[in-house]
Amino acid sequence: MDKYQEAFDGIIERDERVEPRDWMPDEYRKHLIRQVSQHAHSEVIGMQPEGNWLLRAPSLRSKQVLLAKIQDEAGHGLYLYSVAETLGISRAEMLQQLHDGKAKYSSIFNYPALTWADIGAIGWLVDGAAIVNQVSLQRTSYGPYSRGMIRICKEESFHQRQGFEIMLHMANGTPEQREMAQDALNRFWWPSIMMFGPHDSDSPNTGNAMKWKIKRESNDELRQKFIDKTVPQAEFLGLTIPDPDLKWNEEKGSYDYGEIDWEEFWAVVKGNGPCNKERLDHHIKAHKDNAWVREAAEAYAAKTEGELV
Ligand code: FAQ
């Protein structure tokens with residue numbers, strides 16, 4: 001075996017981190033660029049459903065908190081684009097792939113946020129699901145991605161609490177507020193558990209991801225963790241999870257759950273969800289409208305280049 005491959009295998013086997021300076025197989029690099037760039041796009045596109053509620057937040061406090069959360073998501077996008085750049089792809093190229101429909105972003109952000117309770121459900125369920133996935137990714141084999149995840153997770157746990165707090169208020173509010181909270185849970189439950197991706201048996205990328213320790217737990221393992229952790233929270237809120245097959249399995253020590261609608265999942269992933277077109281159009285428009293910012297930054301960098309060295 002060639003000595004470069006041997007050195008790489010050794011890093012993975014010893015559970016050390018692969019750093020940008022290290023040799024890595026092309027397939028490992030490509031796999032990471034795909035996952036990390038899609039992760040970055042998710043953070044940035046994920047700002048849209050929430051941004052839609054900034055001007056309608058019901059109090060100054062809730063507006064400040066939501067604004068801070070959305071700004072955090074922008075920051076997460078920036079860390080992740082920077083991680084992908086260390087693998088040899090430019091941000092412009094990643095954005096082009098997004099705009100051309102070649103790069104994906106999480107299916108969950110193609111659902112609309114119709115009421116204030118949806119902002120609660122997004123924080124509670126969507127950030128809740130994101131944390132379960134990202135806590136596991138803190139131990140991913142690529143150093144910059146792993147370190148980025150450690151920082152991101154600290155912020156995500158605040159986001160999850162922000163959402164749970166909204167749900168708690170609404171679930172204990174007027175009958176109409178309670179109904180809105182239940183309705184938000186009804187609409188966001190299934191899309192949230194779809195975030196973890198297809199079942200392991202239908203997940204083409206999991207094999208290599210586990211072999212290279214990019215993923216430390218599989219899609220189904222993480223989905224199960226999320227469900228087991230979230231059901232008692234729904235019970236605490238006095239809300240009902242919209243799954244008649246959800247049942248504690250004493251033997252397994254976890255919940256059994258109903259059939260996921262994979263047809264809906266793949267329709268959304270392939271661009272036919274309720275908001276896919278709106279989300280992408282908005283991103284493309286913002287990118288074009290703000291071209292002057294990039295041009296100004298580049299001109300400034302070119303001007304100061306000589307002065308800095
Ligand atoms: N949506 O073989 P697998 C957040 C695609 S961050 C769309 O299982 P893999 C924070 C998958 O890309 C949320 N596409 O793939 C926030 C692949 O297609 P490809 C994002 C999906 O990579 C909160 C194909 O299906 N988090 O929410 C989805 O091993 C609130 C086959 O799937 C991350 O990205 C999906 N849900 O596993 C922000 C975490 N699932 O690429 C704002 C990092 C699967 O071959 C507001 N990513 N696909 O053409 C991962 O952990 C993994 O990439 C998975 C998918 C688990 C998402």
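In this chain, residues are counted from 1 in sequence order. Below, each value reflects all heavy atoms present in this structure, side chains not excepted, and no hydrogens, waters or symmetry copies. Just so you know, these numbers come straight off a predicted model, no measurement behind them. All ligand and atom numbering here is 1-based and tracks the order in the structure.
- Side chains of Q48 and N52: no donor on one and acceptor on the other come within 3.5 Å.
- In the vicinity of D127, heavy-atom distances shorter than 4.0 Å reach the ligand 1 atoms 23 (C), 30 (C).
- Using a 4.0 Å heavy-atom cutoff, H76 is absent from the residues neighbouring ligand 1.
- Distance from atom 39 (C) of ligand 1 to its nearest protein heavy atom, with residue and atom name: N133 OD1, 3.4 Å.
- For ligand 1, the atoms lying closer than 4.0 Å to a non-hydrogen atom of A130 are 4 (C), 10 (C), 27 (O).
- The contact set between ligand 1 and Y145, taken as ligand atoms under 4.0 Å from a residue heavy atom, comprises 43 (C).
- Proximity of atom 4 (C) of ligand 1 to the protein is indicated by at least one non-hydrogen atom lying closer than 4.0 angstrom.
- Counting the atoms of ligand 1 from 1 in the order shown, those under 4.0 Å from a heavy atom of F196 are 56 (C).
- The aromatic rings of W189 and F226 sit parallel, their planes meeting at an angle under 30°, below the 60° perpendicular limit.
- Protein heavy atom in closest approach to atom 40 (N) of ligand 1: G197 CA, 3.2 Å.
- Below 3.5 Å of separation, one finds an N or O of S107 facing an N or O of ligand 1.
- Remark: the backbone N or O of L87 is paired with a side-chain donor or acceptor of R29 at under 3.5 angstrom.
- Counting heavy atoms only, Q35 comes closest to atom 52 (C) of ligand 1 of the residues Q48, K104, Q35.
- Checking side-chain atoms of N219 against main-chain N and O of H199 turns up no donor-acceptor pair under 3.5 Å.
- Residue contact check: E43 has heavy atoms under 4.0 Å from atoms 6 (S), 10 (C), 16 (C), 38 (C) of ligand 1.
- Considering both main-chain and side-chain atoms, E73 never comes within under 3.5 Å of ligand 1 through any nitrogen or oxygen pair.
- Counting atoms of ligand 1 from 1 in the listed order, those under 4.0 Å from a heavy atom of G46 are 42 (C), 46 (C).
- Nearest protein heavy-atom neighbour of atom 29 (O) of ligand 1: K215 NZ, 2.7 Å.
- Close approach of ligand 1 to K69 (heavy-atom distance below 4.0 Å) involves ligand atoms 30 (C), 46 (C).
- Look at E27 and K30 and you find a salt bridge, because one of the NZ, NE, NH1 or NH2 atoms lies within 4.0 Å of a carboxylate O, short of that distance.
- The distance from ligand 1 to the heavy atoms of Y105 drops below 4.0 Å at these ligand atoms: 1 (N), 7 (C).
- In this structure, a donor-acceptor pair under 3.5 Å is present between the side chains of Y79 and R151.
- In this structure, V36 falls outside the shell of residues with a heavy atom less than 4.0 angstrom from ligand 1.
- For atom 35 (C) of ligand 1, the protein comes within 4.0 Å by at least one heavy atom.
- Looking at ligand 1, you won't find any N or O of E156 less than 3.5 Å from one of its N or O atoms.
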